[in-house]
Amino acid sequence: CTSSTIATGAAVVGVGYDYMVVKKAKEEFEDLSNTYQEQFSKDDDGESSAVVNPFDAQVASFEFLKEQQEKVKQLAKKRKTQYTIMLLGYGAAAVMSVVDIANIADGKCAKGEAITTGIVSVLAAGYSFKLRKGAVDAIEDAGDNIKVIEGLIAKFEETMAGTCIGKRED
């Protein structure tokens with residue numbers, strides 16, 4: 001059945017895309033974490049090798065959170081693409097199963113296979129739609145979080161500007 005081939009293709013693409021997205025995301029989050037850990041690591045003498053000013057350390061912490069949320073947003077966008085592709089693939093398989101059922105007389109497809117593929121494809125398309133909605137929500141949430149963190153950074157810098165540990169140079 002053509003519908004079975006389409007459904008199988010959608011599943012293979014979904015699993016393959018998922019593997020690539022997870023692998024890339026893991027690398028990116030580890031790189032981000034390592035970058036910030038280096039800022040606060042100790043050298044061989046036990047001394048801090050980078051940021052020592054508490055103000056700068058706090059701002060760096062906020063920046064880390066912001067970059068982390070930007071990575072979350074990028075990941076959610078990739079997930080949205082993945083689930084959209086799967087939704088379209090399973091939707092096409094469901095539609096094609098109707099065509100397969102209508103063309104049973106040509107002998108290319110068994111009726112039971114076409115019906116089963118149609119049912120499974122409709123369920124998979126529905127689940128892909130739900131997952132896509134979750135990815136869209138994650139994009140929005142991460143965007144909102146980024147705005148909150150930017151506000152915290154601005155408020156912190158404004159509040160600390162008049163203190164000795166802030167950006168004052170006198």
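Any value given below was found using the heavy atoms of this structure, including those in side chains, with hydrogens, waters and symmetry copies removed.
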If you define the side chain from C-beta out and look only at heavy atoms, does anything of [X] sit under 4.5 Å from [Y]?
{"X": "T117", "Y": "D100", "answer": "no"}
{"X": "E28", "Y": "Q74", "answer": "yes"}
{"X": "K133", "Y": "Y83", "answer": "no"}
{"X": "V99", "Y": "T2", "answer": "no"}
{"X": "I139", "Y": "R79", "answer": "no"}
{"X": "L87", "Y": "K130", "answer": "no"}

Separation of [Y] [atom2] from [X] [atom1] (nearest 0.5 Å):
{"X": "L88", "Y": "R132", "atom1": "CG", "atom2": "CZ", "result": "8.5 Å"}
{"X": "I149", "Y": "E70", "atom1": "CD1", "atom2": "CD", "result": "8.5 Å"}
{"X": "L75", "Y": "Q69", "atom1": "CG", "atom2": "CD", "result": "11.0 Å"}
{"X": "C1", "Y": "I6", "atom1": "SG", "atom2": "CD1", "result": "10.5 Å"}
{"X": "K24", "Y": "Y19", "atom1": "NZ", "atom2": "OH", "result": "13.5 Å"}
{"X": "Y17", "Y": "K78", "atom1": "OH", "atom2": "NZ", "result": "7.5 Å"}

When hydrophobic residues are tied together by side-chain contacts of less than 4.5 Å, even through go-betweens, does [X] share a cluster with [Y]?
{"X": "V15", "Y": "M86", "result": "no"}
{"X": "I153", "Y": "L65", "result": "yes"}
{"X": "Y127", "Y": "Y90", "result": "yes"}
{"X": "M20", "Y": "L131", "result": "no"}
{"X": "I119", "Y": "V98", "result": "no"}

Got a donor-acceptor contact below 3.5 angstrom from the [X] side chain to the [Y] backbone?
{"X": "T84", "Y": "K80", "result": "yes"}
{"X": "S121", "Y": "G118", "result": "no"}
{"X": "N34", "Y": "E30", "result": "yes"}

Just checking F129: does its CZ atom have more than 12 heavy atoms from other residues, nucleotides or ligands closer to it than 6.0 angstrom? no
Is atom NZ of K77 surrounded by more than 12 heavy atoms (other residues, nucleotides or ligands) closer than 6.0 Å? no
State which residues pass salt bridge (charged side-chain N to carboxylate O under 4.0 Å, His left out) with D144; sequence neighbours excluded, sorted by chain then number. none
How close do Q82 and G14 get, counting heavy atoms only, and between which atoms? NE2-O, 3.2 Å
Please name the pair of heavy atoms, one in A114 and one in S97, separated by the smallest distance, quoted to 0.1 Å. O-CB, 3.4 Å
Thinking salt bridges, do K73 and D141 make one under a 4.0 Å N-O criterion? no
Do the charged groups of E67 and K71 touch, with an N to O distance under 4.0 Å? no
Chi angles and distances behind the side-chain contact (heavy atoms from CB on, under 4.5 Å) call for F29, Q68: CA-CA 7 Å; F29 280 103; Q68 193 177 49; 4.0 Å; yes
